[in-house]
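Please read these numbers as outputs of a predicted model, since none were measured by experiment. Read the numbers this way: they start at 1 and go in the same order the structure lists the ligands and their atoms.
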Amino acid sequence: MGYIIADDIDNADLIIFNTCAVRENAHDRVFGNVGALKHKKAKNKDLKIIISGCLTQQRDVAEKLKKTFPFIDLVIGTNQLNSLSALLEQNSRGVVIGDAGEEIAEDIPTIRDSKYKANISIMYGCDNYCTYCIVPYVRGRERSRPASAIIKELKDFYSDGCREFLLLGQNVNSYGKTNGESFSELLKMIDVIDGEFIVNFMTSHPKDCTKELIDTIANSTKISRHLHLPVQSGSNRILKLMNRGYTREQYIELCEYAKEQISGLSLTTDIIVGFPGEEYDDFKETLALMEQLKFDSAYTFIYSKRPGTKAATFPDYISDEQKGIWFRELLDVQSKIGDAALKKYIGKTVRVFCSENGRSNSNLLSGKSSNNLIVDFARADKACANEEKIGKFANVKVTSALKWALIGEEIL
Ligand code: SAH
Ligand code: SF4
């Protein structure tokens with residue numbers, strides 16, 4: 001449409017907020033950030049403000065946003081993205097939200113941050129209805145893209161120089177259930193595409209993660225040796241209340257199998273602390289599970305009540321303060337486990353896809369290992385410019401470990 005990315009929000013004629021609905025603090029931040037735009041609108045009469053994303057898929061929240069901030073031009077649901085240009089041309093105002101389950105436009109032009117990395121959505125929506133989660137309500141029923149479209153997209157990105165891919169879906173393990181394809185088959189088809197590249201995927205759901213999938217990863221050359229497998233809780237009682245569809249024992253067996261089969265596996269997880277009804281004994285089972293499985297890292301969240309979900313109606317007796325204490329205990333335990341896991345790489349050589357300048361130090365280069373760890377490294381040939389290495393693979397000897405990355409030196 002002739003728009004370009006503004007160098008600064010103050011110079012923008014159009015501001016679009018993309019919002020998240022998963023936890024309450026994201027919701028609160030949107031209200032704070034949008035409120036702060038009022039004076040910009042007063043200064044620039046031509047400024048248009050649009051709010052989109054999952055928050056706006058909740059009709060009551062969308063209406064509330066428009067009512068609280070009348071200066072917003074348009075509140076537009078995630079699935080209305082393909083009508084954005086027409087709405088802008090017509091100077092439309094108001095709230096335009098479709099059904100959460102509507103088809104998502106395939107051909108929207110994209111701008112990617114990196115020339116070398118690309119995210120590829122393989123499925124949309126979720127049918128799982130974990131009792132705490134808003135996603136099925138705002139993203140609609142699970143639907144998968146055809147494998148042929150995904151593979152074409154990946155090959156096109158590869159031709160453009162992309163070498164690191166992230167396949168995205170709320171539950172990638174159930175990819176293809178709606179169109180007769182399967183996630184393992186998709187990975188196998190991708191693995192035989194010519195060239196050197198690396199494919200990550202998220203998120204896997206333990207209830208649909210099969211041994212066949214684990215074997216596929218183990219036998220592949222291009223699929224990342226990383227499994228992000230959110231456990232949420234180590235207590236069977238809480239897992240049941242969460243409607244997760246697996247037990248602690250099944251989860252442990254799956255992880256042990258993956259560790260045996262996939263050499264160099266990096267295993268990460270998500271955990272929720274303070275789910276309604278959780279008691280300290282349940283929480284201790286989560287801590288014990290973490291000690292047993294030694295996750296390389298964990299994304300940890302304090303339970304956030306999402307109106308409209310089943311868990312929002314569950315009685316919750318534990319105070320926020322108490323939940324905060326448990327949360328810090330969990331962080332301490334994971335921090336020690338994560339540090340020890342990264343230190344194990346010191347002295348080892350890892351294959352890294354280099355995609356950018358160093359994150360810890362701009363003299364270094366940065367990339368991801370074949371098990372999806374961040375690696376910052378010094379290039380071997382000091383005469384060559386950093387830029388010449390970006391977009392290429394390198395072998396790196398790990399010399400030290402930070403909390404979130406490995407540090408090393410390239411070896412030729
Ligand atoms: N589909 C993925 C991820 C969903 S959202 C999965 O099933 O694992 C990412 C993470 O946010 C979840 O794994 C969960 O740990 C967390 N989360 C989701 N809803 C939450 C809530 N109401 N409160 C706190 N954490 C939540
Ligand atoms: Fe939410 Fe993930 Fe459960 Fe789906 S599988 S309901 S996205 S937590």
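- The aromatic rings of Tyr129 and Tyr137 sit perpendicular, their planes meeting at an angle over 60°, well past the 30° parallel limit.
- Ring geometry, Tyr132 versus Phe275: the interplanar angle exceeds 60°, so the pair is classed perpendicular (tilted spans 30 to 60°).
- When each of Ile223, Leu167, Leu166 is tested with Asn200 by the rule side-chain contact (heavy atoms from CB on, under 4.5 Å), just one qualifies, namely Leu166.
- Taking Phe165 as the reference, Phe197 meet the ring pair (Phe, Tyr, Trp, His ring centres under 6.0 Å) condition, with sequence neighbours excluded.
- Using a heavy-atom distance under 4.0 Å as the criterion, the protein contacts of ligand 1 are Val22, Arg23, Tyr132, Gln170, Thr203, Pro230, Gln232, Arg244, Asp270, Ile272, Phe301, Ile302, Tyr303, Ser304, Arg306.
- Numbered from 1 in the order shown, with element, the atoms of ligand 2 that lie under 4.0 Å from a heavy atom of Arg244 read 3 (Fe), 8 (S).
- Both tests hold for Arg23 against Phe301: distance to the six-membered ring centre under 6.0 Å, angle to the ring axis within 45°.
- A salt bridge links Glu356 to Lys117: at least one charged side-chain nitrogen sits closer than 4.0 Å to a carboxylate oxygen.
- The closest side-chain heavy-atom distance from Tyr280 to Gln322 is not below 4.5 Å.
- Between the Ser204 side chain and the Cys209 main chain, no donor and acceptor come within less than 3.5 Å of each other.
- For the pairing with Glu410, the salt bridge (charged side-chain N to carboxylate O under 4.0 Å, His left out) check across Lys389, Arg351, Lys397, Arg379 returns one residue only, Lys389.
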Under 3.5 Å, which donor-acceptor pairs do the side chains of residues 155-162 form with other protein atoms, sequence neighbours left out?
from   : atom 1 : to     : atom 2 : distance (Å)
Asp156 : OD2    : Lys152 : NZ     : 2.8
Tyr158 : OH     : Glu196 : N      : 3.4
Ser159 : OG     : Lys155 : O      : 3.0

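- Protein nitrogen, oxygen and sulfur atoms, that is N, O or S, within less than 2.8 Å of atom 4 (Fe) of ligand 2 amount to 1.
- At the shortest separation from atom 8 (S) of ligand 2 among protein heavy atoms lies Tyr132 OH, 3.3 Å.
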